[in-house]
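The structure under discussion appears below in the form of structure tokens.
Both ligands and their constituent atoms are indexed starting at 1 by order of listing.
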Amino acid sequence: METTLIKNLNTKTDQEVLIKGWVYNMRSSGKISFLIIRDGSALVQVVVVKKEVGEEEFAKIAKLGQETPVIIKGIAKEEPRSVGGYEILASNIEIVSENKSEYPITHKEHGVEFLADNRHLWIRTPKQTAILKIRSEIENSIRSYFQKRDFVLTDAPIITPAACEGTTNLFEIDYHGDKAYLSQSGQLYMEAAAMALGRVYCFGPAFRAEKSKTRRHLLEFWMVEAEMAFMGFEENIKIQEELVYTIIQDVLNNCENELITLKRDIDKLKQISLPFPRLSYSEAVEIIQNSDEEFKNFKWGEDFGAPEETYISNKFTSPVFIHRYPTEIKAFYMKPDPTNDKVVLGADLIAPEGYGEIIGGGERISDLDLLLSRIKEHDLPQESFEWYLDLRRFGSVEHCGFGLGLERTVAWLCGLEHIRETTLFPRMLHKMYP
Ligand code: ATP
Ligand code: MG
């Protein structure tokens with residue numbers, strides 16, 4: 001007999017089904033037991049009646065511990081009062097294996113440190129599985145968005161000989177006696193790929209040895225990075241806002257149950273609309289200086305921290321682009337604004353509700369001499385960038401791109417307090433177990 005996923009029980013009303021899963025919870029009276037079974041797809045209540053399964057079987061089942069794996073045969077019944085709207089009247093329950101001791105994560109409240117140390121078990125709980133499913137939906141949404149727009153998926157290397165996002169947070173590795181680093185970003189390689197293929201993206205892990213503990217930073221995270229040849233600043237922003245809008249719609253349409261499990265305020269996501277507001281850095285600074293907050297002494301030229309970003313984003317219901325940052329605080333490859341070379345044609349997208357920057361992007365310098373002088377100003381080793389400079393020596397065109405942080409996006413759409421729950425096994429400052 002074929003196994004039915006619990007989430008598909010609605011296609012099997014009044015039929016015999018076989019489900020395979022784990023005991024999530026149970027209660028029992030003398031004659032009848034109610035098991036809540038999870039199989040990863042959903043939860044279902046299984047009703048076991050002593051008369052049906054026999055005295056001996058019933059006694060075994062009444063003692064089942066949390067997370068015992070079971071294979072259940074029974075009839076699927078519509079039951080609006082039960083979790084998921086279905087119930088199974090069991091005719092047979094097979095216990096696949098016995099747990100060696102009491103399951104550590106009970107239905108009581110546990111401290112987050114305990115849960116983090118037991119992340120390998122914590123991910124079995126409904127909230128965590130909901131997050132992981134939304135993450136999967138977001139990844140699918142991103143891939144299909146780019147696929148539909150003729151982008152080519154090109155995977156950037158993980159081991160790199162030089163830094164591209166500053167040298168302070170590099171993970172160094174030994175490359176047979178040479179120094180190498182784990183990639184902080186695939187962008188420079190994407191620029192090469194864009195000159196070969198036109199429109200490209202990569203989607204993979206990035207590594208940054210962040211030295212402070214925040215709710216928004218992991219040491220290993222996933223980033224989707226797009227790069228487009230023959231494209232300028234405005235069009236770049238359009239692609240980003242349409243991408244983010246598409247992700248939101250896909251999550252709203254395909255992950256309703258998960259959002260409900262997470263108690264996400266869905267209206268906040270539904271009210272987001274295109275186009276997203278745009279604010280120049282200078283306008284944002286003015287808003288901050290005119291505020292009554294402790295950061296009102298913020299000076300033009302400084303970088304925004306989490307409090308400033310949150311203050312700005314709270315003025316809008318949709319994500320907001322902040323563009324034209326001071327040249328000094330942005331990466332060496334950013335193109336200066338032709339009308340004001342104190343600022344660059346870069347933009348960050350700040351998520352609502354205090355979730356901070358989810359995208360960094362902008363137009364790249366396409367002029368060889370300017371790029372050379374920036375590499376010198378930033379004290380970067382020119383010999384490591386010769387190949388990158390070649391992109392300006394041969395066939396150089398206007399081009400731009402952006403990087404969207406997957407975990408930040410997951411945290412925002414799921415409404416999570418902390419980024420650590422957005423990935424299977426988070427890598428954080430002083431924590432990499434399990
Ligand atoms: P921040 O200033 O918030 O540290 P950043 O400016 O260093 O971010 P970018 O270099 O622009 O970030 O990277 C692009 C995107 O990658 C960011 O918008 C963010 O969504 C994500 N990101 C960057 N660093 C991290 C991190 N340590 N953990 C998780 N996501 C990150
Ligand atoms: Mg940035």
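The shortest N/O to N/O separation between Leu218 and ligand 1 falls below 3.5 Å. The shortest N/O to N/O separation between Met223 and ligand 1 does not fall below 3.5 Å.
Between Thr310 and Tyr355, the side chains place no donor N or O within less than 3.5 Å of an acceptor N or O (distance only, hydrogens not considered). Remark: the Gln249 side chain and the Asn253 side chain contain no N/O donor-acceptor pair separated by less than 3.5 Å. Gln45 and Glu87 are linked by a side-chain donor-acceptor pair at a separation below 3.5 angstrom, with hydrogens and angles left out of the test. Between the side chains of Glu353 and Ser313, no donor N or O sits under 3.5 Å from an acceptor N or O.
When ring centroids are compared, Tyr24 and His107 come within the 6.0 Å threshold.
Residue contact check: Gly403 has heavy atoms under 4.0 Å from atoms 14 (C), 15 (C) of ligand 1. The distance from ligand 1 to the heavy atoms of Gly360 drops below 4.0 Å at these ligand atoms: 11 (O), 18 (O). Every atom of ligand 1 is numbered from 1 in the order shown, and the set under 4.0 Å from a heavy atom of Glu210 is 24 (N), 26 (C), 27 (N).
Both the backbone and the side chain of Glu357 come within 4.0 Å of ligand 1, judged by heavy-atom distances. With a 4.0 Å cut-off on non-hydrogen atoms, Arg208 touches ligand 1 through its side chain and not its backbone. Within the 4.0 Å heavy-atom criterion, neither part of Thr409 lies near ligand 1.
Between Tyr201 and Phe146, the ring planes are parallel. Angles under 30° get that label, and only those over 60° would be called perpendicular. In this pair, Tyr281 and Tyr325 present their aromatic rings tilted. The plane angle is within the 30 to 60° band.
Which of His217, Arg216, Glu225 comes nearest to atom 1 (P) of ligand 1 through a heavy atom is settled by distance: it is His217. The closest heavy-atom contact to atom 31 (C) of ligand 1, among the options Phe304, Phe221, Trp412, comes from Phe221.
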